[in-house]
> 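Below is a structure I'd like to ask you about.
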Amino acid sequence: MQAQNAPTPHGPVDFGPALQYLTFSLGDEVFAMDIRCVREIIQHGNMTMVPLMPDFVRGVINLRGSVVPVIDLQSRFGRPRAQVGKKTCIIIFDTTVDDEKLELGLLVDAVSEVIDIAQAHIEPAPQFGTSIRRDFIHGMGKVGNDFIVILAPERALDINEMAALAEQA
């Protein structure tokens with residue numbers, strides 16, 4: 001799916017620069033995140049469980065010698081833990097904490113595609129009616145007749161907040 005400039009009698013309408021987003025599913029819902037923070041997508045595989053972690057930390061994986069924590073996004077959103085299926089993937093992405101770059105893995109049901117969404121087609125997060133915390137949402141991207149929830153990974157996957165939850169566990 002590409003965000004395109006709609007033709008008019010006076011030529012195409014410029015909706016501004018489009019950004020690329022990786023789309024993925026959690027259950028029946030489609031979400032997206034800015035492709036610039038995604039490093040790679042890997043198949044679900046062996047994970048080492050870490051004791052005394054909250055439910056949303058599924059474990060850690062060895063990614064070319066680096067220990068990468070894997071966050072169950074379903075559980076992070078306050079839902080039941082994700083069921084691992086044939087299409088289950090781990091999205092490896094970069095985040096920054098105190099000027100230090102960290103890698104995290106996101107456990108998702110399936111990865112769909114990379115799409116372009118013009119900035120003019122991104123609406124603010126709704127005031128109510130979403131299935132996840134409003135501060136986890138960067139915006140709602142209009143793609144055709146549908147809206148896709150664009151995550152704000154710096155909030156949804158805030159290392160300091162998740163560490164505080166881990167201490168409570």
Side-chain angles (χ1 to χ4, degrees), residues 1-7 12-45 56-58 61 63-64 66 68-79 81-97 100-162:
M1 282 188 262
Q2 298 276 338
Q4 298 182 3
N5 294 340
V13 174
D14 184 9
F15 291 118
L19 296 177
Q20 292 191 312
Y21 295 90
L22 176 68
T23 59
F24 56 89
S25 61
L26 296 176
D28 294 334
E29 294 179 273
V30 178
F31 294 86
M33 66 188 297
D34 190 330
I35 194 74
R36 294 176 294 182
C37 64
V38 175
R39 295 212 45 213
E40 62 186 292
I41 301 161
I42 61 174
Q43 289 182 326
H44 179 269
F56 62 81
V57 179
R58 288 295 282 259
I61 58 172
L63 186 65
R64 293 181 289 286
S66 295
V68 177
V70 177
I71 307 301
D72 180 336
L73 204 51
Q74 287 274 42
S75 184
R76 175 68 176 131
F77 290 165
R79 302 172 178 174
R81 289 178 70 153
Q83 297 298 312
V84 175
K86 292 178 186 174
K87 295 183 179 181
T88 301
C89 295
I90 299 173
I91 301 170
I92 306 296
F93 76 101
D94 291 325
T95 188
T96 305
V97 178
E100 184 180 342
K101 196 174 193 178
L102 299 174
E103 288 180 324
L104 280 180
L106 289 182
L107 185 70
V108 300
D109 292 341
V111 171
S112 302
E113 63 183 329
V114 175
I115 61 172
D116 293 339
I117 303 176
Q119 290 177 347
H121 288 172
I122 298 175
E123 301 289 329
Q127 295 295 323
F128 59 90
T130 61
S131 61
I132 62 172
R133 282 180 24 192
R134 186 174 185 271
D135 61 323
F136 288 179
I137 301 173
H138 168 74
M140 303 295 292
K142 185 169 171 104
V143 179
N145 292 325
D146 298 321
F147 280 100
I148 295 175
V149 176
I150 301 172
L151 291 182
E154 68 280 358
R155 291 292 307 133
L157 303 159
D158 181 318
I159 297 293
N160 294 324
E161 180 181 338
M162 290 191 299

> Answer yes or no: are there more than 12 heavy-atom neighbours, outside Arg81 itself, under 6.0 Å from its atom CZ?
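Count over threshold, so yes.
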
> Once you round to the nearest 0.5 Å, how far does CZ of Phe136 lie from CZ of Arg76?
4.0 Å

> Where is the tightest heavy-atom contact between Cys89 and Ile41, given as atom of each residue plus distance?
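Heavy atoms of Cys89 and Ile41 come nearest at CB-CG2, 4.0 Å.
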
> Evaluate the side-chain proximity of Val57 to Met162: yes if any heavy-atom separation is below 4.5 Å, no if none is.
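No, side chains not in contact.
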
> Evaluate the criterion side chain to side chain contact (heavy atoms under 4.5 Å, CB included) for residue pair Met140 and Ile150; output intermediate values, then yes/no.
CA-CA 6 Å; Met140 303 295 292; Ile150 301 172; over 6 Å; no

> When rounded to the nearest 0.5 angstrom, what distance separates NZ in Lys101 from OG1 in Thr95?
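Here the interatomic distance stands at 10.5 Å.
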
> Quick check for you: to the nearest 0.5 Å, what is the distance between Arg36 atom CZ and Phe93 atom CZ?
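Nearest 0.5 Å value for the CZ-CZ distance: 14.5 Å.
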
> Report the distance from atom CG of Leu26 to atom OG of Ser75, rounding to the nearest 0.5 Å.
11.5 Å

> With sequence neighbours excluded, tell me which residues meet salt bridge (charged side-chain N to carboxylate O under 4.0 Å, His left out) with Asp135.
Arg133, Arg155

> Decide yes or no for His138 and Asp34: does some side-chain heavy atom of the first lie under 4.5 Å from some side-chain heavy atom of the second?
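Answer no - side chains too far apart.
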
> If the condition is side chain to side chain contact (heavy atoms under 4.5 Å, CB included), which residues does Ile92 pass it with, not counting sequence neighbours?
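With sequence neighbours excluded, Ile92 shows a side chain to side chain contact (heavy atoms under 4.5 Å, CB included) to Arg39, Glu40, Ile42, Ile61, Leu63, Val68, Ile90, Glu103, given in chain and number order.
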
> Would you say that Phe24 contacts Leu73 through its side chain, given a criterion of any heavy-atom pair below 4.5 Å between the two side chains?
yes

> Among residues at least two apart in sequence or on other chains, which ones pass salt bridge (charged side-chain N to carboxylate O under 4.0 Å, His left out) with Lys86?
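Applying salt bridge (charged side-chain N to carboxylate O under 4.0 Å, His left out) to Lys86 gives none.
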
> Report the residues that fulfil salt bridge (charged side-chain N to carboxylate O under 4.0 Å, His left out) with Arg79, sequence neighbours left out, ordered by chain and then residue number.
Glu29

> Working note: Thr23 + Val143, criterion side chain to side chain contact (heavy atoms under 4.5 Å, CB included); need CA distance, chi angles, decisive distance, verdict.
CA-CA 11 Å; Thr23 59; Val143 179; over 6 Å; no

> Checking Phe31 now: which residues fulfil ring-ring contact (aromatic ring centres under 6.0 Å, His included) with it, not counting sequence neighbours?
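If we apply the ring-ring contact (aromatic ring centres under 6.0 Å, His included) test to Phe31, skipping adjacent residues, the hits are Phe77.
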
> Can you confirm whether Ile122 sits close enough to Leu19 that some side-chain heavy atom of one is under 4.5 Å from a side-chain heavy atom of the other?
no

> Mind checking the CD1-CD1 spacing from Ile137 to Ile132? Nearest 0.5 Å is all I need.
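Between Ile137 CD1 and Ile132 CD1, I get 4.0 Å after rounding to 0.5 Å.
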
> Can you tell me how far NE2 of His121 sits from CG of Asp116, rounded to the nearest 0.5 angstrom?
12.0 Å

> Taking only residues two or more places apart in sequence, or in another chain, which ones meet Ala82 in a side chain to side chain contact (heavy atoms under 4.5 Å, CB included)?
Arg58, Asp72, Gln74, Leu107, Asp109

